[in-house]
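This is a predicted model, so every value here is computed, not measured. Each chain gets a letter, A, B and so on, in the order the sequences are listed, and its residues count up from 1.
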Number of protein chains: 2
Amino acid sequence: MPDSVDPDFAVAESMPEQLRLQNQLCFPLYAASRLVTRLYQPQLDRLGLTYPQYVVLMILWESAPLTVNEIGQRAMLSSNTLTPLLKRLEAQGLVSRQRDSADERRVVISLTEQGLALRGECECIPQTLFEQAGLNVEEALELKRLLDALLPGLERAVEGTA
Amino acid sequence: MPDSVDPDFAVAESMPEQLRLQNQLCFPLYAASRLVTRLYQPQLDRLGLTYPQYVVLMILWESAPLTVNEIGQRAMLSSNTLTPLLKRLEAQGLVSRQRDSADERRVVISLTEQGLALRGECECIPQTLFEQAGLNVEEALELKRLLDALLPGLERAVEGTA
DNA sequence: ATAAATTAAATCGTGCACGATTTAATTGCT
DNA sequence: AGCAATTAAATCGTGCACGATTTAATTTAT
């Protein structure tokens, strides 16, 4: 044992390699996700949106009207998260919520004229942020490819343990 | 215009490519991060930990004692998130919090014997989850490499807009 | 020496996430 | 028809995240 004066020597010395933050895949994933959300914020603030609200709107812009569950499948969120989020979007006049008369259990979410109009405001956001983050196109595509390949296995694993 | 009966035809038709969820890098990042956290939960539940608490403990296992700010730099979290989290870890008897007598502004976080002992319980978690998610080693390494390369640019961009 | 600037935590308010439960509507089964 | 099982949202409770502000201690520049 070297005559180190570092009081944490004993702790660091016995730290198993696989538990070091630097060796974990989960941490950069967690950090990158939060950083990207923070990068979106200034753009979304101007529109009065949060990042999860923006995700839900992107889903609706693509396929509205949708039920809460259908949005949930696409966003991987369930009603405990979506119901209050959708109520906030409704309060902002961006979506409307109405029970499906054919099946009263369902709530159908539609875009209002205002909600649809917001799409135009958002068109430039991805490109702006892409440049702001100084992303390399090839690396970004490769990253997306790997993440898309990872997701099905993760979903299966999460279901399996539930 | 085709004689589609899809009532959403008009909406989907005009959806700009760059706003489709499928074409965004941010969404798989957001989804993967949440899925990984959910995958950790069953393992961490047994120990009474949340994923962010586990991250903070990994940091402490590597370099305790640390101030709140030092933990924050490593975890990319600040006192508004860390203070309550650390109080919960303290309430569980895993860490101790004490003002630095040399600089009363600082709060030094140390591991208790119990907090240090928990490390042993966690050694197998990364390997277990890696297998549970059916991760391919090469892809995982490549993914980690890309994410690690992405983080500095994201951090710079987030600072720049603040 | 002291006032201004800086730094470190804590506090506050809002909005996710998500496990668990509840409520209500529909479907399936006899 | 009628009752059990299923499904869809909503509700509840806890714990992050994070912008903004506050409090208090230290540093700096007069």
Side-chain angles (χ1 to χ4, degrees), chain A residues 30-42 44-46 48-57 66-73 75-92 97-109 155 158-159 161-162, chain B residues 30-42 44-46 48-57 66-73 75-92 97-109 155 158-159 161-162:
Chain A
Y30 164 67
S33 174
R34 283 161 43 219
L35 282 172
V36 167
T37 302
R38 259 189 272 177
L39 199 57
Y40 267 92
Q41 266 318 110
L44 296 178
D45 277 345
R46 297 187 300 107
L49 295 175
T50 64
Y51 178 72
Q53 288 168 9
Y54 172 70
V55 167
V56 168
L57 282 177
L66 291 171
T67 66
V68 174
N69 255 357
E70 287 167 337
I71 296 171
Q73 281 166 22
M76 299 188 195
L77 291 169
S78 40
S79 63
N80 48 7
T81 299
L82 285 174
T83 297
L85 186 155
L86 290 167
K87 281 182 179 174
R88 280 186 283 270
L89 289 181
E90 184 187 36
Q92 291 185 64
R97 300 162 60 246
Q98 50 202 15
R99 291 273 165 192
D100 183 348
S101 56
D103 184 342
E104 291 280 345
R105 289 172 303 180
R106 294 185 202 171
V107 170
V108 178
I109 310 297
E155 280 191 271
V158 169
E159 294 309 309
T161 57
Chain B
Y30 164 68
S33 174
R34 282 161 42 220
L35 282 172
V36 167
T37 302
R38 258 190 272 176
L39 199 57
Y40 266 91
Q41 266 315 112
L44 296 177
D45 277 345
R46 298 187 300 108
L49 294 175
T50 65
Y51 179 72
Q53 287 168 9
Y54 171 71
V55 167
V56 167
L57 282 177
L66 290 170
T67 66
V68 173
N69 255 355
E70 286 167 338
I71 296 171
Q73 281 166 22
M76 299 188 196
L77 292 168
S78 40
S79 64
N80 48 7
T81 299
L82 285 174
T83 297
L85 186 155
L86 290 166
K87 281 182 178 173
R88 281 186 281 269
L89 289 180
E90 184 187 36
Q92 290 185 64
R97 301 163 60 245
Q98 50 201 16
R99 290 272 164 190
D100 183 349
S101 56
D103 184 342
E104 290 281 344
R105 287 172 306 182
R106 294 183 204 177
V107 170
V108 178
I109 310 297
E155 281 192 88
V158 169
E159 295 308 311
T161 57

* To do: Find which nucleotide of DNA chain D each of A:E70 and B:S101 is nearest to by heavy atoms, and output the residue with the more 5' nucleotide.
  => A:E70
* **Contact state string [nucleotides 17-24 of chain D, B base, S sugar-phosphate only, - no protein heavy atom under 4.0 Å]** => BBBB----
* Asked: Taking C-beta and beyond as the side chain, do B:V36 and A:Y30 meet within less than 4.5 Å on heavy atoms?
  -> no
* Taking the nucleotide of DNA chain D with the closest heavy atom to each, which residue, A:T83 or B:A102, is nearer the 5' end? -> A:T83
* From C:dC16, D:dC16, C:dA9, pick the nucleotide closest to the side chain of A:T50? -> C:dC16
* **Net bend of the helix from C:dA1-D:dT30 to C:dT30-D:dA1, end axes of five pairs each, nearest 10 degrees** => 10°
* To do: Report yes if at least one side-chain N or O of B:R88 is closer than 4.0 Å to OP1 or OP2 of D:dC16; otherwise report no.
  => yes
Filtered N/O pairs between nucleotides 3-5 of chain C and protein, under 3.5 Å:
none

* **Minimum side-chain heavy-atom gap B:V68-B:L86 below 4.5 Å** => yes
* **Per B:E104 side chain, nearest of listed nucleotides C:dT26, D:dT26, C:dA9** => D:dT26
* Which one, D:dA25, C:dA9, D:dA10, comes nearest to the side chain of B:T67? -> C:dA9
* **B:K87 side-chain N/O to C:dT11 phosphate OP1/OP2 under 4.0 Å** => yes
* Asked: Does a side-chain N or O from A:R97 land closer than 4.0 Å to OP1 or OP2 of D:dA9, or not?
  -> no
